[in-house]
Amino acid sequence: MSLRYDQNGLIAAVVQDGITGEVLMVAWANEESVELMKSTGYTHFWSRSRNKLWKKGEESGHVQKIMSMQTDCDSDTLLIRVEQTGVTCHTGAASCFNEVIYGSTVGTSDILPKLKRVIHERMEHPIPDSYTCKLFDDENKMCKKIVEEAGELTLSIKDGNVNEMSWELADLIYHVMVAVEKTGLPMEKVYEKLSERMK
C-alpha cells in the first residue's frame, strides 16, 4: 500500500507503547525516514523546525525499537508500536501527553501504564512498609493473593454487584501485575497467546 504524504512530503506518525498501549508521542515522517524505520527497526522522523532527519533517542539513548507499523484507512497517518527505552518526552516524562485540558483520565485505561511504572519502581527501589514490596518479598503471599482475588471476583459476579465486581477485578489486575513484574513474564508472549483465542 502506498502512503499518502502531504504537500510537504510528510506524514503524521503516532507512537504507541506496544505493551501498555500508552500513546507516547506524535511526530512527522517523510519517505526517507519511513524507509529508515523499515531498514533499521528503530523510529526515525523529520524535524520541521531543524529541517533534518533524526533518530529518536540518538542523543539521550531513549530509543524506540519498532514492534509494528500500520497506516489508517486513508494511508495518511502512521501508527507505530514500539518498545521504548527510558522515557519518551524531553521533559523526562514517560509520555508527551500529560496535560489534561478537558474531562478526566480517571475511569480510563490511562491508569494501567502508570500503575505498571509504580510497580516497577517498587521492585527497583524498595520502600519500607510498601504493600507491593511485601508481595515481592513473599512469593507465597503473592501467589495466594491472586487465587484469593480471583475467588472473590467470582463470588461478586454471582452476586451481580457492579461495585463489588469493579473492586475485586481491580484487586486481581493489580496482584497479577505485581506477579508479572516479579517474574519478568514478557507480555508480548501473553498477547501472542491471546491472539490464538480469536476463533
Side-chain angles (χ1 to χ4, degrees), residues 3-72 74-127 130 132-133 173-174 177-178 180-181 184-188 190-191:
L3 296 176
R4 292 174 57 194
Y5 297 90
D6 67 13
Q7 64 273 19
N8 298 311
L10 301 175
I11 188 170
V14 179
V15 182
Q16 183 180 35
D17 187 295
I19 301 301
T20 67
E22 183 176 27
V23 176
L24 301 177
M25 61 180 284
V26 175
W28 293 93
N30 61 8
E31 189 170 359
E32 185 177 359
S33 59
V34 170
E35 291 307 312
L36 274 171
M37 286 193 271
K38 290 179 181 178
S39 64
T40 67
Y42 288 87
T43 56
H44 290 74
F45 304 107
W46 177 259
S47 171
R48 294 177 298 172
S49 59
R50 293 177 290 166
N51 203 39
K52 61 177 283 191
L53 283 167
W54 62 286
K55 177 184 178 182
K56 175 64 179 172
E58 60 190 340
E59 295 178 2
S60 66
H62 297 165
V63 296
Q64 297 172 335
K65 184 177 181 181
I66 299 172
M67 299 174 72
S68 68
M69 186 162 32
Q70 296 168 260
T71 187
D72 67 344
D74 296 320
S75 302
D76 61 359
T77 306
L78 296 174
L79 174 61
I80 307 170
R81 290 185 175 88
V82 303
E83 179 184 323
Q84 175 72 52
T85 298
V87 298
T88 300
C89 189
H90 71 282
T91 64
S95 166
C96 292
F97 292 90
N98 292 298
E99 296 297 322
V100 178
I101 62 172
Y102 177 81
S104 171
T105 60
V106 176
T108 73
S109 61
D110 179 64
I111 187 59
L112 291 174
K114 290 179 178 177
L115 179 57
K116 182 179 184 297
R117 284 192 286 273
V118 169
I119 292 171
H120 178 76
E121 179 68 17
R122 293 294 182 271
M123 190 163 84
E124 293 291 309
H125 306 285
I127 295 177
S130 162
T132 302
C133 293
I173 290 171
Y174 160 74
M177 288 176 72
V178 170
V180 167
E181 187 66 38
L185 175 65
M187 284 305 296
E188 55 266 38
V190 178
Y191 296 151

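The chain is numbered in sequence order, starting from 1.
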Task: Candidate pair E188 and I19, rule side chain to side chain contact (heavy atoms under 4.5 Å, CB included), full reasoning - done: CA-CA 7 Å; E188 55 266 38; I19 301 301; 3.4 Å; yes
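- The distance from the NE2 atom of H44 to the CD atom of Q64 is 11.0 Å, given to the nearest 0.5 Å.
- Shown here for W46 and W54, the closest heavy-atom pair between the two residues is C-NE1, 3.8 Å.
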Task: Intermediate values then yes/no, side chain to side chain contact (heavy atoms under 4.5 Å, CB included), L78 and L3 - done: CA-CA 9 Å; L78 296 174; L3 296 176; 4.0 Å; yes
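- Looking only at side-chain heavy atoms (C-beta outward), I119 and V180 stay at 4.5 Å or farther from each other.
- Using a 4.0 Å cut-off between a side-chain N of Lys or Arg and a carboxylate O of Asp or Glu, E22 and R117 qualify as a salt bridge.
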Open item on the list: Is there a side chain to side chain contact (heavy atoms under 4.5 Å, CB included) between R81 and Q70? Walk through the geometry before answering.
Closed with: CA-CA 9 Å; R81 290 185 175 88; Q70 296 168 260; 2.2 Å; yes
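- With respect to Y42, the side-chain contact (heavy atoms from CB on, under 4.5 Å) criterion is satisfied by exactly one of V63, V82, I66: V63.
- To the nearest 0.5 angstrom, T40 atom OG1 is 11.0 Å from E35 atom CD.
- What you find for I127 and C133 is that their closest heavy atoms are N-SG, 3.4 Å.
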- [ ] Please assess V34 against Y5 for the test side chain to side chain contact (heavy atoms under 4.5 Å, CB included), listing each intermediate value before the final yes or no.
- [x] CA-CA 11 Å; V34 170; Y5 297 90; 3.6 Å; yes
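- Closest non-hydrogen pair, W28 versus F45, comes out as O-CB, 3.1 Å.
- Here CZ of R4 is found 9.5 Å from OG1 of T77. Values are rounded to the nearest 0.5 Å.
- Not one N or O on the side chain of K116 forms a donor-acceptor pair closer than 3.5 Å with the backbone of E181.
- Under the 4.5 Å side-chain criterion, counting only non-hydrogen atoms from C-beta, T132 is in contact with V178.
- A donor-acceptor contact shorter than 3.5 Å is absent between the side chain of N8 and the backbone of L10.
- K56 approaches H62 most closely through the heavy-atom pair CG-O, 3.9 Å.
- Two residues are said to be in side-chain contact when any heavy atoms from C-beta on lie closer than 4.5 Å; T88 and C96 meet this criterion.
- Panel note: side chain S95, backbone V23; a donor-acceptor pair is recorded below 3.5 Å.
- What you find for N98 and A93 is that their closest heavy atoms are ND2-CB, 3.3 Å.
- For the residue pair I11 and S75, the shortest heavy atom distance occurs at CD1-O, 3.8 Å.
- No option in Q84, M37, K55, M69 other than M37 meets the side-chain contact (heavy atoms from CB on, under 4.5 Å) test with T43.
- Annotation: side chain of F97 is not in contact with side chain of T105 (no heavy-atom distance under 4.5 Å).
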